[in-house]
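Okay, so here's the structure we're looking at.
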Number of protein chains: 2
Amino acid sequence: MERAELGATARAILGMVALGASTGYEIKQLADKAARHFWAASYGQIYPELRRLQAAGLVVGRVERSGGRVRKVYSLTEAGEQTLRDWLCEPDRLQAFEVRSEGMLKLFFSSWAGGRATTQQVQALRRTHEQILGQLLRLREGNGPPTVGQGLTLELGIAIHTRIVEWCRTAEAQLAEQSDPLP
Amino acid sequence: MERAELGATARAILGMVALGASTGYEIKQLADKAARHFWAASYGQIYPELRRLQAAGLVVGRVERSGGRVRKVYSLTEAGEQTLRDWLCEPDRLQAFEVRSEGMLKLFFSSWAGGRATTQQVQALRRTHEQILGQLLRLREGNGPPTVGQGLTLELGIAIHTRIVEWCRTAEAQLAEQSDPLP
DNA sequence: AGGTGCATGTAACAGGTTACATGATTAA
DNA sequence: TTAATCATGTAACCTGTTACATGCACCT
């Protein structure tokens, strides 16, 4: 029952439990399937964090034997629900937004290696984001309607990656134009 | 002169040196100013990494005394230039693209706390990205023309954040419509 | 005399990934 | 019987941030 300023990962796990992912395994499934384009989590974080959350009194885990298979089913305590609600409704301090894009980094340096490299990097960037976009579109086509929040973040992801792909096409056209007149 | 599979941070520093940032301090300046919306680096990474790059023979550092002030000026060796060029021209394996967005995470969970929370989260998300967009636009208005790569990544950043802000506005309108009929 | 900017660096910590170890259940 | 999926967990490692320590130069 410590009050130790829980981190973003802890809150993410709290939220996943609230959405119905009740085991470490299910939390990982949900995160990978529906949130990986803006939030990642590994077992190495999830399992220890669940214990910490239990020690803090925000979740309770019960060992269940559903057909012989043993699993630890977690649910939010009242304190956990309150903590999550507080976080979701808190007056907005600035939210963290971190991007780490190898493709943009390469594009950033590409002109040092000449125009050819720049064109190649824009194309590589487009292919990367076409692939991510494809995954998101397949997810949308896929099974049942998720929660409102899941739908919104999916649409937002699709909008972002569509825009990146569009931008790459425009940049490719412009770069081609510049080097075209020269035979 | 070890061959120890250099990481993304090492390559980023190599690139910054190639673009003319010749001290640890200047590397940090350039990264913060022009690359922070897709790549971050702190002194705690930069200074140790510069030493490692020197040990690997990819950069050389000379201690200079420019007007009494002592600074360590780095430049690429031929091996360093080749390594950077190889990386920039390498046949594209999939590029890493990692996003960590607290705002989208909150949006993802928001429907659990009701429609009101969802609307608030979309608004908070919009404000966050309006702020980032503002910084990028100010950078574009600002001084001298950067390299082609710097210009392109800046435009790409502007395109992305503009799209996010647009999307938020649309979502806000739709959410308002749904709850409007009820007084 | 004092603040800002230039400049270098480290140690402690926090956050996160990977690889490994284990084993039951289920469908082909 | 064998592969995939469900399921839990840890230890070593790598990465990255924060806070701190230091000091000169330059402007007001």
Side-chain angles (χ1 to χ4, degrees), chain A residues 2 4-13 16-17 20-33 35-36 38-55 59 61-74 96-102 105, chain B residues 2 4-13 16-17 20-33 35-36 38-55 59 61-74 96-102 105:
Chain A
E2 306 278 304
E5 207 58 54
L6 57 166
T9 306
R11 289 190 293 250
I13 289 174
M16 297 289 175
V17 175
S22 48
T23 69
Y25 188 81
E26 281 176 12
I27 290 170
K28 173 84 167 129
Q29 295 298 104
L30 179 56
D32 280 354
K33 187 187 146 211
R36 80 189 174 302
F38 60 87
W39 200 268
S42 65
Y43 288 126
Q45 289 173 270
I46 294 168
Y47 286 114
E49 196 64 60
L50 278 170
R51 280 163 184 262
R52 260 171 261 142
L53 287 169
Q54 174 147 25
V59 300
R62 280 174 301 273
V63 176
E64 273 191 18
R65 221 163 304 262
S66 59
R69 193 183 264 135
V70 176
R71 26 185 257 150
K72 216 160 167 183
V73 177
Y74 286 91
F97 184 80
E98 293 301 325
V99 179
R100 191 147 271 238
S101 166
E102 203 188 332
L105 191 66
Chain B
E2 306 276 301
E5 207 58 55
L6 57 166
T9 305
R11 289 189 294 249
I13 289 176
M16 297 288 175
V17 174
S22 47
T23 69
Y25 188 81
E26 282 177 11
I27 290 169
K28 172 84 167 129
Q29 295 298 104
L30 179 57
D32 279 353
K33 187 187 145 212
R36 78 191 174 302
F38 60 85
W39 200 268
S42 64
Y43 289 127
Q45 289 173 270
I46 293 168
Y47 285 114
E49 196 65 60
L50 278 169
R51 282 163 183 261
R52 259 171 261 141
L53 287 169
Q54 174 148 24
V59 299
R62 279 175 301 274
V63 175
E64 273 190 18
R65 222 161 305 261
S66 57
R69 193 183 264 135
V70 175
R71 28 183 255 148
K72 216 161 166 185
V73 177
Y74 287 91
F97 183 80
E98 292 301 325
V99 179
R100 190 147 274 240
S101 167
E102 205 190 331
L105 191 64

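Given the structure is predicted, the values throughout are model-derived calculations rather than measurements. The chains referred to below are lettered A, B, ... by the order of the sequence lines, with proteins before strands, and numbering in each begins at 1.
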Mind calculating the distance between [atom1] ([X]) and [atom2] ([N]) to the nearest angstrom?
X	N	atom1	atom2	answer
A:I46	C:dT18	CD1	C1'	14 Å
B:I13	D:dT15	CD1	P	12 Å
B:I27	C:dT8	CD1	C1'	12 Å
B:R62	C:dT8	CZ	C1'	18 Å
B:K28	D:dT18	NZ	C1'	11 Å
B:E26	C:dT8	CD	C1'	13 Å
A:W39	C:dG15	CH2	P	10 Å
A:R52	C:dA14	CZ	C1'	10 Å

side-chain hydrogen bond (donor to acceptor under 3.5 Å, both in side chains) with [X]: which residues, sequence neighbours excluded?
X	result
B:T23	none
B:R36	B:Q135
B:S22	B:E26
B:K28	B:D32

Give me the distances for all protein-to-nucleotides 3-6 of chain D N/O pairs that come in under 3.5 Å?
from  : atom 1 : to    : atom 2 : distance (Å)
D:dC6 : OP2    : A:Y25 : OH     : 2.7

Practice task
Would you indicate whether the side-chain heavy atoms of B:I13 and B:V59 approach each other to under 4.5 Å?
Solution key: no
Exercise for the section: State, yes or no, whether a side-chain contact exists between B:I27 and B:L50 at a heavy-atom distance under 4.5 Å. Expected result: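 Yes, their side chains come closer than 4.5 Å.
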Would you please confirm or rule out a distance under 4.0 Å between OP1 or OP2 of [N] and any side-chain N or O of [X]?
X	N	answer
B:T23	C:dT8	yes
B:T9	D:dG16	yes
A:Q45	C:dG15	no

Practice task
Would you mind classifying the nucleic acid contact of A:S42 as base, sugar-phosphate or nothing, using non-hydrogen atoms under 4.0 angstrom?
Solution key: base
Practice task
Without swapping roles, check the side chain of A:R100 against the backbone of B:A40 for a donor-acceptor pair under 3.5 Å.
Solution key: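 Such a contact is found between A:R100 side chain and B:A40 backbone.
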Taking only nitrogen or oxygen atoms into account, show me every contact under 3.5 Å that the protein makes with nucleotides 9-11 of chain D, one pair per line with its distance.
from  : atom 1 : to    : atom 2 : distance (Å)
D:dG9 : OP1    : A:R51 : NH2    : 3.2

Practice task
Provide the closest heavy-atom pair for A:P48 versus A:Y43 in the form atom of the first, atom of the second, distance.
Solution key: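 Reported closest heavy-atom pair: CD-O, 3.7 Å.
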Problem - Residues that B:R52 engages under salt bridge (charged side-chain N to carboxylate O under 4.0 Å, His left out), provided they are two or more places apart - result: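 Checked B:R52 against salt bridge (charged side-chain N to carboxylate O under 4.0 Å, His left out); matches are B:E49.
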Handout entry: B:Y25: partners by ring pair (Phe, Tyr, Trp, His ring centres under 6.0 Å), with sequence neighbours left out
Key =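 If we apply the ring pair (Phe, Tyr, Trp, His ring centres under 6.0 Å) test to B:Y25, skipping adjacent residues, there are no hits.
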Practice task
Please round to 10 degrees the angle between the axis of the first five pairs and the axis of the last five pairs in the helix from C:dA1-D:dT28 to C:dA28-D:dT1.
Solution key: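 The helix from C:dA1-D:dT28 to C:dA28-D:dT1 shows an end-to-end axis angle of 30°.
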Exercise for the section: State which residues pass side-chain contact (heavy atoms from CB on, under 4.5 Å) with B:A41; sequence neighbours excluded, sorted by chain then number. Expected result: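 B:Q45, B:I46.
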Exercise for the section: List in chain and number order the residues that pass side-chain contact (heavy atoms from CB on, under 4.5 Å) with A:A8, two or more places apart in sequence or in another chain; answer none if no residue qualifies. Expected result: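 Here the qualifying residues are A:R11, A:W39.
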Problem - Given DNA chain C, 5'-ward residue of the pair B:V70 and B:R100, judged by closest heavy atom - result: B:V70
